[in-house]
Amino acid sequence: MNTATKAVRAAALENDLTRISGANARFLGAARRLLIDNAWVEARSGRTFDVRDPSSDRVIAHVAEGDAADIDLAVDAARRAFDDSDWSRMKPVDRERLLHRLADLIERDADDLAQLEALDNGKSVIIARHVDVKHAVEVWRYMAGWPTKLEGQTLPLSGSLVPGQEYVGLSQREPIGVVGAIIAWNFPLLLATWKAAPALAAGCTVVLKPAEETPLTALRLGELVVEAGFPKGVFNIVTGMGPTAGAALAAHAGVDKITFTGSTEVGRLIVRAAAGNMKKVTVELGGKSPTIVLDDAKVDQAIAGATSAIFFNQGQVCCAGSRLYVARRHFDTVMEGVAEQAKAMKIGPGLDTTSQLGPLVSATQRERVMKYVNEGLTDGARAIAGGRALSAPGYYVEPTVFTDVVESMSIVREEIFGPVVVAQPFDDLEAVARIANNSIYGLAASIWTADVSKVFRLASKLKAGTVWVNCHNVLDPAMPFGGYKQSGWGRELGREAVYSCLESKSLCINIAA
Ligand code: ADP
């Protein structure tokens with residue numbers, strides 16, 4: 001057993017549930033149910049599933065396993081709330097007030113939510129508190145500002161199809177209806193927020209299906225929604241498996257829009273299922289985002305930036321900087337620096353505030369990541385840091401840095417969704433734009449440089465929904481996020497997220513009649 005494995009094993013043994021807050025201990029102590037019509041109910045089948053702590057593989061909670069029957073009930077509740085309830089009659093300013101009240105409650109319980117997220121997902125409790133929960137509050141507040149600003153337009157008509165008549169044209173925005181949201185496990189509370197906050201701001205109602213690996217903070221969010229005073233049926237949660245509960249929601253004829261975050265493979269299934277009743281669709285899918293260090297970059301800054309671009313959240317980030325391209329003259333220095341930082345990272349449970357890299361979310365995810373790592377090694381790539389899973393009780397993989405890679409390798413082409421980066425040198429902007437774009441994905445990219453003209457020249461060539469300059473993984477409620485190519489359809493956050501939950505209705509009035 002190597003030293004890192006020993007340390008992680010010791011930390012995991014110490015990571016017993018005595019660190020858990022009273023509120024979280026109570027929450028975990030009872031089987032968690034589905035939220036339908038503001039009532040907590042068991043799954044119709046009576047089934048439950050286990051939720052595990054990724055740092056120890058222990059079962060920490062039992063959660064109702066909803067399926068198609070429960071999705072039917074939740075969609076019916078959401079439909080009733082949308083068609084005829086206090087929610088549908090609520091003034092925009094009152095909707096705003098409710099959304100702000102929810103943000104206040106999340107802020108009140110921020111420490112507990114962060115701890116629960118760290119326990120459920122394996123991420124660092126510090127990151128959970130200062131990224132996941134903090135950003136979730138910011139998004140709820142940003143979206144709370146929208147209900148009173150969803151304006152229509154007057155349209156200057158000049159058509160003359162019917163002589164002698166005169167028309168006035170208006171367009172107004174109306175909520176789409178029932179929104180089904182299916183989310184991944186990497187940022188559970190935050191993704192629930194990205195989906196639910198714009199939908200509720202637009203006046204829609206929601207049925208949320210959290211990821212089966214990480215349902216806990218979404219269920220706590222459900223408690224806060226009820227406490228905030230949202231009318232019944234406005235926000236419903238059905239926990240369960242993807243192929244049953246998720247598939248039923250995606251295909252449901254009573255759902256008007258489906259919004260999904262997850263793998264491109266499942267995204268394709270969602271799009272097909274949505275075609276049945278032509279639901280509106282937003283899908284935020286995979287990525288293989290390039291981090292590009294130009295020849296004039298500040299090298300130390302680029303080393304730190306490239307390291308955190310990939311290892312933040314154990315690399316389980318759809319926009320992680322998983323391909324690193326470095327100007328040839330800095331390649332050796334940058335690679336030495338990134339490898340050194342990777343080797344120095346303290347691996348341990350998320351609840352240990354000194355951990356810098358936590359476990360992956362599940363044993364399945366660790367196997368998936370290790371399959372890629374082993375393929376890379378077999379294909380002839382060189383691991384200058386990491387390359388192994390730890391034989392600790394949790395699902396740990398060492399932060400891994402590959403050089404000597406070529407574009408045909410699976411580790412370069414496919415999304416690994418783990419702490420693994422592949423690196424190559426390049427010679428000029430044209431060349432790096434070509435390799436950066438040589439991917440089925442187009443979610444994000446970062447450019448590290450001090451030369452503003454190169455920023456514009458390169459950014460305009462990159463096929464990516466977000467291009468960061470001298471930063472990576474920076475998200476803001478006002479900044480739309482989503483992908484080109486197979487990284488998805490539509491955008492999360494910002495005005496675009498709210499408008500994606502609205503229909504546009506044209507009103508044409510004959511004023512000569
Ligand atoms: P990962 O492979 O990383 O777990 P997925 O894309 O499989 O990511 O999962 C993201 C979300 O999609 C989860 O909530 C999961 O339950 C759900 N899901 C998985 N399969 C399906 C499916 N066939 N239909 C609808 N949702 C699904």
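We count ligands from 1, going down the list as the structure has it; atoms in each ligand are counted the same way. The basis for the numbers below is simple: all heavy atoms, side chains too, and nothing from hydrogens, waters or symmetry mates.
Residue Ala250 does not touch ligand 1, judged by heavy-atom distances below 4.0 Å.
In terms of protein heavy atoms, atom 7 (O) of ligand 1 is closest to Val266 CG2, 3.5 Å. Looking from atom 23 (N) of ligand 1 to the surrounding protein, the closest heavy atom is Leu269 CD1, 3.6 Å. The single protein non-hydrogen atom nearest to atom 4 (O) of ligand 1 is Trp185 NE1, 3.0 Å, given as residue, atom name and distance. The single protein non-hydrogen atom nearest to atom 2 (O) of ligand 1 is Arg368 NH1, 3.2 Å, given as residue, atom name and distance. Atom 22 (C) of ligand 1 has as its closest protein heavy atom Gly242 O, 3.5 Å. What sits closest to atom 5 (P) of ligand 1 on the protein, heavy atoms only, is Ser263 OG, 3.7 Å.
Looking at Thr261 next to ligand 1, no N or O pair under 3.5 Å apart turns up. Of the N or O atoms in Ile183, one or more lie within a sub-3.5 Å distance of an N or O in ligand 1. Considering backbone and side-chain atoms together, Glu212 places an N or O closer than 3.5 Å to an N or O of ligand 1.
Listed by number with element, the atoms of ligand 1 under 4.0 angstrom from any heavy atom of Ile270 are 25 (C), 26 (N). Heavy-atom proximity to Gly262, at under 4.0 Å, picks out these atoms of ligand 1: 6 (O). Within the listing of ligand 1, atoms 24 (N), 25 (C) sit less than 4.0 angstrom from a heavy atom of Ala247. The atoms of ligand 1 that sit less than 4.0 Å from any heavy atom of Gly246 are 24 (N), 25 (C), 26 (N).
The local environment of CZ in Arg108 is crowded, with over 12 non-hydrogen atoms from other residues, nucleotides or ligands closer than 6.0 Å. Environment of CZ in Arg79: crowded, with over 12 heavy atoms of neighbouring residues, nucleotides or ligands closer than 6.0 Å.
Put simply, part of Phe260 is less than 4.0 Å from ligand 1, judged by heavy atoms.
Judged purely by distance below 3.5 Å, without hydrogens or angles, the side chains of His252 and Asn277 never pair a donor atom with an acceptor atom. A donor-acceptor contact closer than 3.5 angstrom is absent between the side chains of Ser362 and Glu213. In the model, Tyr372 has a side-chain atom that pairs as donor or acceptor with a side-chain atom of Glu414 under 3.5 Å. Checking Lys257 against Ser500 by side-chain atom types alone, a donor-acceptor pair falls below 3.5 Å.
When distances from atom 9 (O) of ligand 1 to the protein are checked, no heavy atom turns up under 4.0 Å.
Remark: Lys195 engages Glu492 in a salt bridge, criterion side-chain N to carboxylate O under 4.0 Å. Ionic pairing of Glu223 and Arg220 is present here: one or more N-O contacts between side-chain nitrogen and carboxylate oxygen are shorter than 4.0 angstrom.
Of the options Asp132, Asp352, Asp53, a salt bridge (charged side-chain N to carboxylate O under 4.0 Å, His left out) to Lys123 is made by Asp132 and by none of the others.
Legend: residues meeting side-chain hydrogen bond (donor to acceptor under 3.5 Å, both in side chains) with Asp112, ordered by chain and number and at least two apart, are Ser21.
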